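Quantities reported herein were computed from a predicted structural model and do not represent experimental measurements. First the proteins, then the strands, lettered A, B, ... as listed; each starts at 1. Reckoned from all heavy atoms, side chains included, excluding hydrogens, waters and symmetry mates.
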There are 2 protein chains.
Amino acid sequence: MGDKRQISMAVVRRLPKYHRYLLELIRNDVDRISSKELSDRIGFTASQIRQDLNNFGDFGQQGYGYNVKDLYNEISNILGLHANYNMVIAGAGNLGQAIAGYSNFEKEGFRVKALFDINPKLIGLSIRDIEIFDIDNLRNYLHDNKVDIGIICTPRVQAQKVADVMVKNGITAIWNFAPTDLDVPRGVIVENVHLLDSLLTLTYRVNEPKLLDYINKDPEEIVEEE
Amino acid sequence: MGDKRQISMAVVRRLPKYHRYLLELIRNDVDRISSKELSDRIGFTASQIRQDLNNFGDFGQQGYGYNVKDLYNEISNILGLHANYNMVIAGAGNLGQAIAGYSNFEKEGFRVKALFDINPKLIGLSIRDIEIFDIDNLRNYLHDNKVDIGIICTPRVQAQKVADVMVKNGITAIWNFAPTDLDVPRGVIVENVHLLDSLLTLTYRVNEPKLLDYINKDPEEIVEEE
DNA sequence: TAGATTGTTAATCGATTAACAATC
DNA sequence: TAGATTGTTAATCGATTAACAATC
């Protein structure tokens, strides 16, 4: 019914960083902060900070700045952290187990309820009291339990199949760690964590100076021109 | 000595995806591909694909398109994958162990040589033949061994300290999984994987429709206007 | 040769930054 | 009140898309 003016992904990706820095300010007993001061810490321009925040409301006060605690709460709310989230993990290998055992998520209301794997050696074991089930039971599990987020930590070749099962059984939010892009229907939200992609941007940047030197030299052809 | 025309981060972040899709094409025995066809698969516009690639060279041929294998090799090279990389991991908890055991990296020439931790219970153990050392030995290890990439998987509070040790002992590329932004000197490259940030953008998008409805309503004030 | 498709310039679109009136 | 700082509009910058001549 509304205008639904969309928030750009560029803005959305900055929101968790605001959340993180505001928590840090609370830890340091800072009560209020101006966009200028926050800019110095977080590294975005003051102008950008004000623009970003004003997408969601008038959280500041002229002549004063922003109340740190209030702003933190506003952004928590914007990020959906007023609710708890039940999650399941497909793929109980190293990575799946690591995510299941990562305590930082629990503090924000994220709960891993079950792991699923294809490997008989893993099925039946528990990681931090979270049981590993047979992947064939994923379908039934999703039927019987309210699950908000499906996490995919399987190898590449199984990822799409798992995603299909999740989507068919009501999952609308997928956190994908498999090194492939998933094909899902409109309305299903996928957030990718492509670790190798991330590592390759690191090696790109390590090599960039040499690479650009090489490209800009281009020794053969240049001699002939004008 | 060169012009050093910089490649934008937007382009750099797309490079690993080209790499991934080209490997997929090789797997499917596709020999050549046009920007149009690649566009259909990868989801970037054909125009963008040609622009991106032309930052680095003339890899295509009019009327033909791109040779898949050649282009794959070119991009591998651009990403620095002609070399091998020695890596060490600080923090041998779940996440550190998962990364140490993640086989996808090895295929591309990445080798985890050692883990380091503060926990006496972990020190001396091995993960996939990779030994866990006392974090106090990190300094000496970096002195005695050629290490290209430092990986930080410690809790937030220890991350900066570990980064300082790495930087002081010659590391110029850091892959950071700790939920904090590192302060490093110019010339040191940091690639962050902020898992919670990623998860929060997912929950943001899950809640976005409700949130924007709420913001766009603004019931109180609107009544009074014009 | 005719058709296809690149490399590249120009046009458009969107995101960031600057500026400043409003106001606490 | 005077000073500080927001919210917001306008200007700038950069990235994406469109168009097309060059050429395989």
**Student:** I need the CG-P distance between B/Asp40 and C/dT5, as an integer number of Å.
**Tutor:** 12 Å
**Student:** Using only atom types and a distance under 3.5 Å, with no angle test, would you say the side chain of A/Thr154 pairs donor to acceptor with the backbone of A/Gly91?
**Tutor:** no
**Student:** Using a 4.0 Å cut-off on protein heavy atoms (strictly under), produce a 5'-to-3' string for nucleotides 6-14 of chain C with B for base contact, S for backbone-only sugar-phosphate contact, and - for none.
**Tutor:** BBBBB----
**Student:** Can you list every stem that DNA chain D is part of, counting only runs of 3 or more consecutive Watson-Crick or G-U wobble pairs with both distances under 3.5 Å?
**Tutor:** C:3-24 with D:3-24
**Student:** What is the separation between atom CZ on B/Phe44 and atom P on D/dA18, rounded to the nearest whole Å?
**Tutor:** 16 Å
**Student:** Is it the case that the side chain of A/Asn176 and the backbone of A/Thr180 share a donor-acceptor pair, with hydrogens and angles ignored and the cut-off at 3.5 Å?
**Tutor:** yes
**Student:** Output all residues satisfying ring pair (Phe, Tyr, Trp, His ring centres under 6.0 Å) with B/Phe110, sequence neighbours left out; order by chain, then residue number.
**Tutor:** B/Tyr85
**Student:** Test: ring pair (Phe, Tyr, Trp, His ring centres under 6.0 Å). Region: residues 17-55 of chain A. Which pairs qualify, not counting sequence neighbours?
**Tutor:** A/Tyr18-A/Phe44, A/His19-A/Tyr72
**Student:** Is the closest side-chain donor-acceptor distance between A/Asp164 and A/Gln160 under 3.5 Å?
**Tutor:** yes
**Student:** Test salt bridge (charged side-chain N to carboxylate O under 4.0 Å, His left out) on B/Glu24 and B/Arg41 and set out the steps.
**Tutor:** CA-CA 11 Å; B/Glu24 187 64 23; B/Arg41 297 180 183 238; over 6 Å; no
**Student:** Would you say B/Thr45 reaches D/dT17's phosphate, i.e. side-chain N/O to OP1/OP2 under 4.0 Å?
**Tutor:** yes
**Student:** Taking only residues two or more places apart in sequence or in another chain, which ones pass side-chain hydrogen bond (donor to acceptor under 3.5 Å, both in side chains) with B/Ser34?
**Tutor:** none
**Student:** Output every pair passing side chain to side chain donor-acceptor pair (under 3.5 Å) with a member in residues 91-104 of chain A, not counting sequence neighbours, ordered by first then second residue.
**Tutor:** none
**Student:** Tell me what A/Arg32 touches on the nucleic acid: a base, only sugar-phosphate, or nothing, going by heavy atoms under 4.0 Å.
**Tutor:** nothing
